[in-house]
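Data block below; observations after.
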2 protein chains.
Amino acid sequence: MQTVRKDIHNSEMPVLCQSCEARHQGICGALSGDELVALAKSTRRVHKDAGEELMADAMPIDSYASVLRGVIKLSKVLEDGRQQVVGLQFAPDLLGRPFAAESRVTAEAASDVDLCVIPKPALEALLSRSAPLEHRVMMQALRELDEARDWMVTLGRKTAAEKVASFLYLIATHMDPCDEALETSFDLPLSRADIGDFLGLTVETVSRQISRLKSDGVIGIVNFRQVSIPDLARLRLRCG
Amino acid sequence: MQTVRKDIHNSEMPVLCQSCEARHQGICGALSGDELVALAKSTRRVHKDAGEELMADAMPIDSYASVLRGVIKLSKVLEDGRQQVVGLQFAPDLLGRPFAAESRVTAEAASDVDLCVIPKPALEALLSRSAPLEHRVMMQALRELDEARDWMVTLGRKTAAEKVASFLYLIATHMDPCDEALETSFDLPLSRADIGDFLGLTVETVSRQISRLKSDGVIGIVNFRQVSIPDLARLRLRCG
DNA sequence: CGGTTTGTTGAGATTTTTCAATTCGAGTGG
DNA sequence: CCACTCGAATTGAAAAATCTCAACAAACCG
């Protein structure tokens, strides 16, 4: 978020919103044509490689970003280094805590990502002028709250086996947009260590549970990162 | 929420908002005088005893409520009965998921509570007319999201001892508004079983950790529910 | 008072972590 | 093209944390 590279910027038209609308419209579905054109002027398309940090906990926020492609990992760290992933963001989410001076989480590109970066003042000006836009931001916040609470159930009350199954199920249903297919295949956006930090488990436990799911035929592991799921309903049963 | 008792309704004036403003203004700080008067007409002041269910998961919502006094417990249950408390609401929070047809959690009075109930259509009409009000609701959603993510760290990465200390610290800082006092005393709004469901622990583990904090002199237990904390900073150290 | 619910405590069982040893795959330089 | 190396992932065995089961004590309620 600090080092914005302008090179890839496509200046033809509302870059942000072409993509957004292609995938469920993101922030921009709520804007008028005029507003879109104005917005496109202040946005920058940016690419980040997997692993790059986008925002640090307790650091001032100077811009927001709309996720165009890829997965972003939100996490928090305890003083002694224990880490917890508190959320994942997929396109077309808005990245950045609205109306906060500083971030409350660390954001990192989990996979290669494309972002559409918007300076903080530009978005906030737009928010205060466009009630529909603010409404949309609120709807995202409410959805994220629902997701966080669902995940709290997983963290607090599920066994390690159920946690890993729940994680795979979550990713499967978010990554493969051609939904409802019983059979899917995808690349995990997180390392085993990150999965552990998401589930509140150690790497070893995650690995053991993945191995078990594999030997039970619930999932197939192609290439460590690449997972195939022959029957989503069967995975669902393992989620508790 | 279903069985609204009108008996205690105080019809003089904006019941809701007197109380709200007394304690940090809740929803109503954003409304004009006219709007307040209009709102007061459709609100009902309601009392609920500890343990009463206010809203059931997956049930249609027909009203919202502003919490005037007491604590409300939000929880989710797995098919097999495992339960997780996913949030607590204190005055002056707004209870009810805005813009959702049905609830995604079960809400229950943790202590005796006073509510100011607003029919769903009345609040939503107001929301669509008043941008400042919608803004305020969004700010609450964002704050709840921050809290949920903080709690995910506790659930996923802390030990049982740290979880219990964190819970007591959370309650201590929320219950006693005369904040920053190093020394406090309060009634726990939750039973040991509920604390376990909040922390993802069994009742027995909660009880053992409370006993340990007591024998270490970090807390004092007067009457099972009544806790005194001689030194908040010392408790804080136990939170991890 | 009984009976019931709520909380505490102990001992053994279970799950998960920790520590240690390997294996796998990708990238590098000869 | 093939060792070599490095980080990520897997696997095993022992240790630690937490849960389960069971007994009991304390408060609560008609």
Side-chain angles (χ1 to χ4, degrees), chain A residues 49-51 73 78 80-84 108 110-112 154-168 187-216 219-227 238 240, chain B residues 49-51 73 78 80-84 108 110-112 154-168 187-216 219-227 238 240:
Chain A
D49 291 326
K73 184 185 93 184
L78 256 27
D80 63 1
R82 282 175 287 177
Q83 188 170 136
Q84 176 69 43
E108 186 182 311
S111 62
D112 286 13
T154 300
L155 283 175
R157 284 304 182 199
K158 292 191 184 177
T159 65
E162 290 167 340
K163 284 180 178 180
V164 171
S166 301
F167 170 76
L168 292 171
D187 271 24
L188 288 177
L190 266 50
S191 69
R192 300 291 189 268
D194 284 337
I195 297 173
D197 286 340
F198 194 19
L199 297 170
L201 298 173
T202 58
V203 193
E204 294 94 328
T205 303
V206 172
S207 180
R208 276 185 252 271
Q209 298 301 338
I210 288 182
S211 298
R212 173 179 295 246
L213 284 172
K214 180 175 144 194
S215 72
D216 289 358
I219 63 173
I221 302 289
V222 185
N223 207 9
F224 285 143
R225 285 298 186 99
Q226 200 166 42
V227 176
R238 300 275 193 139
Chain B
D49 292 327
K73 182 185 94 184
L78 256 27
D80 63 2
R82 280 174 288 177
Q83 189 170 136
Q84 176 68 45
E108 186 182 311
S111 62
D112 287 12
T154 300
L155 283 175
R157 284 303 182 199
K158 292 192 184 176
T159 65
E162 291 167 340
K163 285 180 179 180
V164 171
S166 301
F167 170 76
L168 292 172
D187 270 25
L188 288 177
L190 300 184
S191 69
R192 300 293 189 267
D194 284 337
I195 297 173
D197 286 341
F198 194 19
L199 297 171
L201 299 172
T202 58
V203 193
E204 294 93 330
T205 302
V206 172
S207 181
R208 277 185 252 271
Q209 298 300 339
I210 288 182
S211 297
R212 171 178 298 245
L213 285 172
K214 181 176 143 196
S215 72
D216 289 358
I219 61 174
I221 302 288
V222 185
N223 205 10
F224 285 144
R225 284 296 186 102
Q226 202 167 41
V227 176
R238 299 274 193 140

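The figures that follow rest on heavy atoms only: side chains count, while hydrogens, waters and symmetry mates do not. Throughout, protein chains are lettered first and strands after them, A, B, ... in sequence-line order, and every chain is numbered starting at 1. Note that the structure is predicted; figures quoted are calculated from it, not measured.
- With rounding to whole Å, Ile219(A) atom CD1 is found 14 Å from dA9(D) atom C1'.
- Rounded to whole Å, atom P of dA26(D) lies 16 Å from atom CD1 of Ile221(B).
- Among the protein residues, Ile210(B) comes within range of no part of the nucleic acid, since none of its heavy atoms lies under 4.0 Å from any strand.
- As a whole-Å value, the separation of Lys214(B) NZ from dT8(C) P is 7 Å.
- Spacing between atom CG of Leu188(A) and atom P of dA8(D) amounts to 15 Å, rounded to whole angstrom units.
- If you measure from atom CZ of Arg157(A) to atom P of dC19(D), you get 7 Å, rounded to the nearest angstrom.
- Atom pair Arg225(A):CZ and dT10(D):P shows a separation of 11 Å (rounding to whole Å applied).
- Heavy-atom contacts from other residues, nucleotides or ligands closer than 6.0 Å to CZ of Arg82(B) number more than 12.
- Nearest nucleotide to the Ser191(A) side chain, out of dT8(C), dA9(D), dT16(C): dA9(D).
- A sub-4.0 Å separation between OP1 or OP2 of dT18(C) and a side-chain N or O of Thr202(A) is absent.
- Side-chain N/O atoms of Thr205(B) include one lying less than 4.0 angstrom from OP1 or OP2 on dC19(D).
- Residue Gly200(B) is classed as a sugar-phosphate contact, given heavy-atom separations below 4.0 Å to backbone atoms only.
- One can place CZ of Arg82(A) at 15 Å from C1' of dT16(C), the figure rounded to the nearest angstrom.
- When each of Leu168(B), Asp194(B), Ile221(B) is tested with Leu188(B) by the rule side-chain contact (heavy atoms from CB on, under 4.5 Å), just one qualifies, namely Leu168(B).
- In this structure, the separation between CZ on Arg157(A) and CD on Glu162(A) is 12.0 Å, given to the nearest 0.5 Å.
- For Phe224(A) and Lys158(A), each mapped to the nucleotide of DNA chain C holding its nearest heavy atom, the one lying further toward the 5' end belongs to Lys158(A).
- With values rounded to the nearest 0.5 angstrom, Asp49(A) atom CG is found 10.5 Å from Ser111(A) atom OG.
- A donor N or O paired with an acceptor N or O is not found under 3.5 Å between the base of dG7(C) and the side-chain atoms of Arg208(B).
- Distance alone, capped at 3.5 Å, places no donor-acceptor pair between the Asp197(A) side chain and the Gln84(A) backbone.
- Set against dG25(C), dT17(C), dT10(D), the side chain of Asn223(A) has dG25(C) as its closest nucleotide.
- Projected onto DNA chain C by closest heavy-atom contact, Glu204(B) and Gln209(A) fall at different nucleotides, the more 5' of which corresponds to Glu204(B).
- For the pair Arg192(A) CZ and dT11(D) P, the interatomic distance rounds to 10 Å; values are reported in whole Å.
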